[in-house]
Amino acid sequence: MRCYTGSVKHARTSSVLPPAFFRRPVAAVARDLLGKVLVRCINGEHIRSVICEVEAYDGMCDRACHACKGKTPRTAPMFAAGGIFYVYFVYGMHWMLNIVTSDVGYPAAVLIRGVRGIAGPGRLTKALRITGALNGKAATERSGLWIEEGGIKVATRAVRRLPRIGVAYAGAWAKKPYRFLWECDA
DNA sequence: GCAGTGATCATA
DNA sequence: ATGATCACTGCC
């Protein structure tokens, strides 16, 4: 598996996170997404948001991961190679935004729970007008939604690792510290 | 504390 | 075809 080093070799190099960033173990990707910039393009306007809260969902053994019951039309995007979005609808009201990670065949993804100024995954998608239209799309400028290196260094001591929200049904997996929260103002 | 809201999937 | 479930939010 290729490893993303985060190095920027030239000033002209795009700061859009490449597929290699996402094709790593999901917990590492989740941790590293803190401080990165989610960019949404709506009618030519770029909305930039700093990611401050995420959750990792790790493969078929993880009972909290949608893919734990196998590949279905809904979970298919998680089985693809990292770097595409997995967007699904829940509770009849809310869209959830995930970025798929790891290699093809290993279903894992990071749920983007919050950005600076917006807490809560449902509020985030509502504010950025993210819907199922983005499901399965690559995290590139062409898709209108992507993630950039923001140049923000998030110290390990500023990262709280907590149990994930809303997965009490997942037994022992509910207690795993797969929720990553960056304690920043707002 | 809990109602709302509708896609999804297992069961039949 | 039916029904349980749901990675949430907003109002009581």
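Protein chains get the first letters and strands the later ones, always in sequence-line order, with residue 1 at the start of each. Here the structure is a predicted model, which means the values were calculated and not measured.
- Nucleotide dT5(C) holds its P atom 10 Å from the NZ atom of Lys69(A), rounded to whole Å.
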> Can you list the steps and then say if Tyr106(A) with Asp58(A) is a side chain to side chain contact (heavy atoms under 4.5 Å, CB included)?
Replying inline: CA-CA 9 Å; Tyr106(A) 190 98; Asp58(A) 191 12; 2.7 Å; yes
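- The shortest distance between the side-chain N/O atoms of Arg113(A) and the OP1/OP2 oxygens of dC8(C) is below 4.0 Å.
- Taking atom NZ of residue Lys71(A) and atom P of nucleotide dT8(B), one finds them 17 Å apart after rounding to whole Å.
- Regarding contacts with the backbone of dT5(B), every side-chain N or O of His94(A) stays at 4.0 angstrom or more from both OP1 and OP2.
- The pair Glu148(A)-Lys36(A) fails the salt-bridge criterion, with no side-chain N (NZ, NE, NH1 or NH2) lying under 4.0 Å from an Asp/Glu carboxylate O.
- Residue Arg164(A) is out of contact with every strand shown, counting any heavy-atom pair closer than 4.0 Å.
- One interatomic measurement links the two molecules: CG of Leu97(A) to P of dT9(C), which rounds to 13 Å at whole-angstrom precision.
- When the nucleotides dC8(C), dG6(B), dG10(C) are ranked by their closest atom to the side chain of Arg123(A), dG10(C) comes out on top.
- Rounded to whole Å, atom P of dC6(C) lies 11 Å from atom CZ of Arg63(A).
- Taking every heavy atom of both residues into account, Phe22(A) and Val100(A) meet most closely at CB-O, 3.7 Å.
- Going from atom CG of Leu111(A) over to atom C1' of dC8(C) covers 11 Å, rounded to whole Å.
- Relative to the six-membered ring of Tyr57(A), Arg164(A) meets both conditions, a distance below 6.0 Å and an angle of at most 45° to the axis.
- At a cut-off of 3.5 angstrom, the base of dA7(C) holds at least one donor-acceptor pair with the side chain of Tyr88(A).
- With dG10(C), dA7(C), dC9(B) as the choices, the nucleotide that has an atom nearest any side-chain atom of Pro73(A) turns out to be dC9(B).
- In this structure, the aromatic ring of Tyr57(A) is positioned over the six-membered ring of the base of dA7(C), centres within 5.5 Å and planes within 30°.
- Between the CH2 atom of Trp95(A) and the P atom of dA7(B) there is a distance of 9 Å, rounded to whole Å.
- Two rings, from Tyr88(A) and His66(A), have their centers less than 6.0 Å apart.
- Using N1 to N3 plus N6-O4 or O6-N4 for Watson-Crick, or N1-O2 and O6-N3 for G-U wobble, each under 3.5 Å, dG3(C) pairs with dC9(B).
- Atom pair Lys126(A):NZ and dC8(C):P shows a separation of 16 Å (rounding to whole Å applied).
- Counting non-hydrogen atoms under 4.0 angstrom, Met93(A) reaches a base of the nucleic acid.
- One can place CD of Glu53(A) at 11 Å from C1' of dA7(C), the figure rounded to the nearest angstrom.
- Between dA7(C) and Tyr169(A), a contact under 4.0 Å exists linking OP1 or OP2 to a side-chain N or O.
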